[in-house]
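Below is one structure; the comments refer to it alone.
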Amino acid sequence: MEFWETVENELKFQGKTKKELSANTGINLQSLHKSFERNSEVSAINAVKIANELGVSVEYLVTGQDSSLKRENLDLHRYREYSSLISQLDSLPENQKELVKSIISKMCEWGK
């Protein structure tokens, strides 16, 4: 996962906007928008500012993983990884949710 994709996912997860990120980090909003659009390299100091604002490690933003995650944080990490899928699943009618669950269960059985 790319740095800016991870930042965007984390912003969504936390219910924050790029405007808030800009205001709280002192990074120019227009520069942030361009960085997201171009998927440009980020300076170390800005990566640290963004990580601090989001309450995550720079390692997590760069790699999508965090070696300092402890066992009790793994569920949170998984939620961050699959949050968009969970949102889509939540938007389905109940009967379709059950169908998706059934499909996933069958696929897991086939993989054994």
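Note that these values count all heavy atoms, side chains included, but never hydrogens, waters or copies made by symmetry.
Residues that satisfy the side chain to side chain contact (heavy atoms under 4.5 Å, CB included) test with Gln30, not counting sequence neighbours, are Asn28, Lys34.
Leu92 and Lys97 make their closest contact through O-CE, 3.1 Å (heavy atoms, listed as atom of the first residue, atom of the second, distance). Here the shortest heavy-atom pairing between Ala47 and Val58 reads O-CG2, 3.8 Å. Contact record, Ser40 with Trp4: O-NE1, 2.7 Å, taken as the closest heavy-atom pair. Residues Ala51 and Ser57 come closest through the heavy atom pair CB-C, 3.9 Å.
One hydrophobic cluster, built from ILVMFWY side chains closer than 4.5 Å, holds both Met107 and Leu99. Following chains of ILVMFWY side-chain contacts shorter than 4.5 Å, one can reach Trp110 starting from Ile103, so the two form part of one hydrophobic cluster. At a threshold of 4.5 Å between side-chain heavy atoms, the hydrophobic network of Ile, Leu, Val, Met, Phe, Trp and Tyr places Ile104 and Leu89 in one connected group.
Using a 4.5 Å cut-off on side-chain heavy atoms (C-beta onward), Leu11 and Phe36 make contact. A 4.5 Å side-chain heavy-atom check between Asn46 and Lys49 finds at least one atom pair inside the cut-off. Using a 4.5 Å cut-off on side-chain heavy atoms (C-beta onward), Thr25 and Asn52 make no contact.
Atoms CD and NZ, from Gln96 and Lys101 in turn, are 13.0 Å apart once rounded to the nearest 0.5 Å. Atom CD1 of Ile86 is separated from atom CG of Asp90 by 7.5 Å, given to the nearest 0.5 angstrom. In this structure, CG on Leu54 lies 6.0 Å from CG on Leu61, to the nearest 0.5 angstrom. Rounded to the nearest 0.5 Å, atoms NZ (Lys18) and CD (Glu8) are 4.5 Å apart. Put simply, CG on Leu32 and CD on Glu37 are 11.0 Å apart, with the number rounded to the nearest 0.5 Å. With values rounded to the nearest 0.5 angstrom, Phe13 atom CZ is found 10.5 Å from Ser87 atom OG.
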Criterion side-chain contact (heavy atoms from CB on, under 4.5 Å) on Ile50 and Phe3, from CA distance to verdict = CA-CA 11 Å; Ile50 293 168; Phe3 179 88; 4.2 Å; yes

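Heavy atoms from other residues, nucleotides or ligands lying under 6.0 Å from NZ of Lys16 number more than 12.
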